[in-house]
Amino acid sequence: MKIKPIYFILPFAILSLLLGVYAGWLRLGWGIPVVHSQAIAQHGALMVGSFLGTLIAAERVAMLKNKSWWLVPAIFVSSSPLLLHVSPSAGYGALLLGSIGYFIVSTRAYQHYRFTGDALLLAGAIFQVAGHLALYFTSSFAMAFAGWMAFFVFTIVGERLNLTRFLPVTKRDHWELLVWLGGFLISIFLYHKGYGIVLTITLIGIGQWLIKNDIARRNLNKKGSYQFLGITLLSGYAWLMLTGVVALSNNGSPWIYDAILHAFFVGFVLSMIMAHAPIIFPSLLGLSIKPFHPFLYVWVGLLQVSLLARVLGDLSQSLSLRQWGGLLNGSAFLGYLATIIYLIIKHKYNHRNHV
């Protein structure tokens, strides 16, 4: 029996997540033991590149027949030990190389399917390369932020379009989305020139478009995992819009920068991961199950409430509120993934006992 590549890659991706969350808690000032000081400075790279980059790349290559493409998520996840045990530039180089491989995969997918969603995924892949390129040459997360942000916006919107392409979305709605996305790209260049209002308007525009046209609202009338998916997706879209609102108050303060960063990456991006995890993880592992338990709502609710506390802590410059919000953010996401893993293991154990 051949072991799927994901069984080797996923544990290291989760380890990168653990290190990233741990580094985030240290950066907030929590007095926990410093096991690896290098992780503190690499919090962003571990979370965005080593964990999320690996997970998204693995999801893409899992659909391909040629198993050699698994080298792409393997390169992404190799960035974690390189960042911590070799040098930051070596880790950034791995992220850049992985993003180039992901761009090639996305190009092939677009050439094969040519859906609008695949075109957006390809655009997202280009922005991921740009973000990691900026990080490699500047070693500045602030310089990489715009590319990373565009990568996740285009990737998530592209994925949602592909998953809901059979819904009756009019040509006018499609053009509206493209206008919002085009405006978003322009806003990235204008943001630090005193035109933050453009970013605010476009993020709110993209968010409301997703709420209006995605299947999420229809899922609210269903039960179980479908309703959970709808609620979690809508919470993510709401955070995308709130990111735009927070961005309006930008005054160069590191407090505001932290609020924008985490409203987007935790509120929008991690909410999307939580929404899709019951589908993504079993699919990657080759299991025909959809792990769900109502207790998952506890973790999703905790993430939303604690993130709101963190953002309010940033806006009011309350260190304690920011610290507790950050601590509970990480705890909620880790608790959520632990519950998903438990549900998968439980299903496999019960299935084995009934065979």
task = Measure the NE2-CD distance between H276 and E159 for me, rounded to the nearest 0.5 Å.
result = 7.0 Å
task = Locate the shortest heavy-atom distance separating A259 from V246; write the atom from each residue and the value.
result = CB-CG1, 3.8 Å
query = Between CG of L296 and OG of S225, what distance do you get to the nearest 0.5 Å?
reply = 10.0 Å
query = Going through the checks in order, is the side-chain contact (heavy atoms from CB on, under 4.5 Å) test met by I211 and M241?
reply = CA-CA 10 Å; I211 291 173; M241 298 170 74; 3.8 Å; yes
message = Set out, in order, the CA-CA distance, both residues' side-chain angles and the distance that settles side-chain contact (heavy atoms from CB on, under 4.5 Å) for F127 and L185, then state yes or no.
response = CA-CA 10 Å; F127 295 124; L185 288 182; 3.3 Å; yes
key: Within-4.5 Å side-chain heavy-atom neighbours: L95 and Q128   = no
query = Between M143 and F137, is any pair of side-chain heavy atoms under 4.5 Å apart?
reply = no
Shortest non-hydrogen separation from S80 to L46 and the atoms involved = OG-CD2, 3.6 Å
request  = Locate the shortest heavy-atom distance separating P282 from A277; write the atom from each residue and the value.
outcome  = CD-O, 3.6 Å
ask   = Is L178 close to W175 at the side-chain level, that is, under 4.5 Å between some pair of heavy atoms?
value = yes
ask   = Side-chain heavy atoms under 4.5 angstrom apart, residues restricted to Ile, Leu, Val, Met, Phe, Trp, Tyr: same cluster for F154 and F189?
value = no
Shortest non-hydrogen contact between L285 and Y7, atoms and distance = O-OH, 3.1 Å
key: Separation of I206 CD1 from L181 CG (nearest 0.5 Å)   = 4.5 Å
query = When rounded to the nearest 0.5 angstrom, what distance separates OG in S235 from CD in Q304?
reply = 4.0 Å
Test item: side-chain donor near acceptor, W239 and S271, under 3.5 Å = no
query = Is K222 atom NZ crowded by more than 12 heavy atoms from other residues, nucleotides or ligands, each under 6.0 Å away?
reply = yes
Check: F268 ring centre within less than 6.0 Å of F152 ring centre = no
key: Gap separating the CZ atom of R322 from the CG atom of L312, nearest 0.5 angstrom   = 13.5 Å
key: Under 3.5 Å side-chain donor-acceptor pair for Y237 and D214   = yes
message = Let me confirm one number: the CZ-CG distance from R310 to N329, rounded to the nearest 0.5 Å.
response = 6.0 Å
inquiry  = Parallel, tilted or perpendicular: which one describes the rings of F264 and F145, with boundaries at 30° and 60°?
reply    = perpendicular
ask   = With a 4.5 Å heavy-atom cut-off, do Y336 and L303 have their side chains touching?
value = no
inquiry  = According to a hydrophobic-cluster definition based on side-chain heavy atoms being under 4.5 Å apart (Ile, Leu, Val, Met, Phe, Trp, Tyr only), do L82 and V72 belong together?
reply    = no
ask   = Of F228, F281, Y226, which meets ring-ring contact (aromatic ring centres under 6.0 Å, His included) against F292?
value = F228
task = Provide the closest heavy-atom pair for V21 versus M47 in the form atom of the first, atom of the second, distance.
result = N-SD, 3.9 Å
message = If you compare all heavy atoms of G124 against all heavy atoms of T155, which two are closest, and at what distance to 0.1 Å?
response = CA-OG1, 4.1 Å
task = Please check if the distance between the ring centroids of F141 and Y257 is under 6.0 Å.
result = no
